[in-house]
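In the text below, chain A, chain B and the rest are named by the order of the sequence lines, each starting its count at 1.
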Number of protein chains: 2
Amino acid sequence: MTNEARSRTRRADALSRDRIVRAAVDILDLHGEGGLTTRSLAASLETGSGAIFHHVGSRDELLRAAVDLMVADVIGGIAVETTPRESVRLLMLGVFDAIQAHPWAGAQLAREPWQTTVLEVFLEIGSRLQPLGVREEELFDAASTLLSYLLGIAGQLAASVHISRGTDRAAFLGAAVENWAARHSSADSPFVRQVTRLANHDDREQFIAGLEIILSGLALHPE
Amino acid sequence: MTNEARSRTRRADALSRDRIVRAAVDILDLHGEGGLTTRSLAASLETGSGAIFHHVGSRDELLRAAVDLMVADVIGGIAVETTPRESVRLLMLGVFDAIQAHPWAGAQLAREPWQTTVLEVFLEIGSRLQPLGVREEELFDAASTLLSYLLGIAGQLAASVHISRGTDRAAFLGAAVENWAARHSSADSPFVRQVTRLANHDDREQFIAGLEIILSGLALHPE
DNA sequence: ACCTGAACACCGTTCAAGT
DNA sequence: ACCTGAACACCGTTCAAGT
């Protein structure tokens with residue numbers, strides 16, 4: 001009886017690494033990386049600020065665990081019955097979509113590219129490249145290139161959060177381009193004309209365009 | 001006379017935005033981004049910690065200014081009399097080398113890709129792509145892809161500083177790959193065999209390999 | 001106008017003290 | 001064993017006070 005009462009006081013939702021990581025993800029999605037502090041996390045878990053360190057070790061480890069969770073979902077979620085042609089694209093797009101939905105994950109991936117999760121993505125990319133017809137000696141460079149491209153995009157997606165709020169993006173970029181073009185006396189070059197697209201482009205479409213450029217740069221041999 | 005004496009007390013090395021930024025670069029090169037604090041910077045300039053804010057505004061602005069200085073040097077330092085073929089490569093390699101020499105700059109570029117300096121690099125890339133024979137409609141996507149690749153590499157170079165010290169890189173990677181291969185029962189696939197190169201590869205050579213893959217992916221029309 | 005440096009409002013992390 | 005929350009050692013930034 002007394003035991004019953006005591007265990008009830010302790011609550012069914014005992015603290016655990018898993019519960020902490022999930023709570024962290026919620027805060028990150030809601031308030032961004034700046035919103036996740038030891039104190040805000042402890043408050044949302046209704047516990048003391050020091051309790052977290054009993055289960056997680058450090059804030060960095062917590063961010064790593066959060067991003068692990070996310071990437072594992074993406075990799076696990078890719079349909080098995082796809083053609084080799086589709087497989088790399090689905091993987092790259094899967095990570096892209098996850099980062100767009102959770103920009104803090106993009107910042108973390110770009111900041112710690114030696115995380116085991118990133119290595120995992122690298123290996124998944126590489127293993128999908130092979131049946132696509134990439135020459136064996138080029139496999140490593142091809143996978144590295146795609147990964148670096150993905151990490152670069154990840155950082156940009158993470159940063160775009162800080163941009164959208166605040167100054168008007170189109171106006172800012174337009175002014176910068178104009179300034180540059182004037183300094184180079186190339187105001188009417190084809191590239192400067194094309195650059196106006198920067199202001200109002202779709203991030204996902206542009207990601208795909210770059211992906212296709214890289215893929216078509218790979219010397220494929222017939223299967 | 002009294003004026004003379006007073007101005008001498010004030011010292012010839014009066015504080016200025018330029019002097020602050022240069023001092024910051026020195027600290028960043030010596031002690032990394034973590035070593036640059038308001039207090040350490042003030043100490044190296046032999047002034048009060050608040051003085052810096054009279055000239056710079058914020059720490060973020062200081063980092064932006066430091067990276068601006070670096071990139072401007074790179075762009076200005078590219079030989080003018082190069083062929084279009086060489087020009088893009090020299091630009092990309094120039095930024096790569098600068099980041100490898102000053103990893104903190106890589107972190108900053110990856111973290112704030114909307115910085116005017118990054119836009120500058122984007123425009124420099126694009127304007128060099130055009131005489132190379134890239135189709136006008138593809139110019140924008142091509143320049144974006146190269147920039148994203150460069151920023152991805154920038155983040156990786158910045159992070160490799162935190163890796164080299166500490167655990168042995170080769171052993172760590174080897175174990176991770178083995179683990180993955182075992183889980184996927186593909187221990188003897190060509191890709192896994194190639195991946196051993198990860199442990200002991202040359203960053204610069206790999207960067208060039210990726211650059212060539214992307215460039216050869218661009219549909220060039222004859223000039 | 002420029003500089004000083006104490007003070008403020010935060011951080012992540014630790015740890016004696018409680019249950 | 002698990003949790004608490006005050007305390008510690010830092011941050012970037014501000015601002016009254018000095019010159």
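With D:dT14, C:dG12, D:dC3 as the candidates, the nucleotide lying closest to the side chain of A:Leu15 is D:dC3. Checking C:dC3, C:dC11, D:dT14 against the side-chain heavy atoms of B:Ala51 singles out C:dC3 as nearest. Among D:dT13, C:dT13, D:dC2, the nucleotide with an atom closest to any side-chain atom of A:Phe53 is C:dT13.
Between B:Ser49 and C:dG5, a side-chain N or O to OP1/OP2 separation shorter than 4.0 Å is absent. One finds a side-chain N or O of A:His55 lying less than 4.0 angstrom from the OP1 or OP2 phosphate oxygen of D:dC3.
Among the protein residues, B:Ile52 comes within range of no part of the nucleic acid, since none of its heavy atoms lies under 4.0 Å from any strand. Contacts of B:Leu62 with the nucleic acid, taken as non-hydrogen atoms under 4.0 Å apart, are absent. In this structure, A:Thr37 reaches the sugar-phosphate backbone alone: every heavy-atom distance under 4.0 Å involves primed, P, OP1 or OP2 atoms, never a base.
Taking atom CZ of residue B:Arg59 and atom P of nucleotide D:dT14, one finds them 15 Å apart after rounding to whole Å. Summarising the geometry, the separation between CZ on A:Arg39 and P on C:dC10 is reported as 10 Å, rounded to the nearest angstrom. Distance, A:Ile20 CD1 to D:dC3 C1': 11 Å, rounded to whole Å. Whole-Å rounding puts the B:His54 NE2 to D:dG12 C1' distance at 15 Å. Distance CG (B:Leu41) to P (D:dT13): 12 Å, rounded to an integer number of Å. What separates CG of B:Leu45 from C1' of C:dG5 is a distance of 16 Å, to the nearest Å. One interatomic measurement links the two molecules: CG of B:Leu36 to P of D:dC11, which rounds to 11 Å at whole-angstrom precision. Rounded to whole Å, atom P of D:dG12 lies 11 Å from atom CD1 of B:Ile27.
The nearest heavy atom of DNA chain D to A:Gly48 and to B:Gly34 marks one nucleotide each, and the one closer to the 5' end goes with A:Gly48.
With hydrogens and angles left out, the side-chain atoms of A:His102 and A:Gln108 include no donor and acceptor closer than 3.5 Å. Side-chain atoms of A:Glu61 and A:His55 include no donor-acceptor pair closer than 3.5 Å.
Across every strand in view, D:dT19 sits in a pair with C:dA1 that passes the Watson-Crick or G-U test at under 3.5 angstrom. Judged by Watson-Crick or G-U wobble contacts below 3.5 Å, the nucleotide D:dC11 has no partner.
The side chain to side chain contact (heavy atoms under 4.5 Å, CB included) with B:Leu211 is formed by just one residue from the set B:Leu146, B:Ile153, B:Val88, B:Leu150; it is B:Leu146.
Remark: aromatic rings of A:Phe191 and B:Phe140 are distant, center separation not under 6.0 Å. B:Tyr149 and A:Tyr149 have their aromatic ring centers separated by at least 6.0 angstrom.
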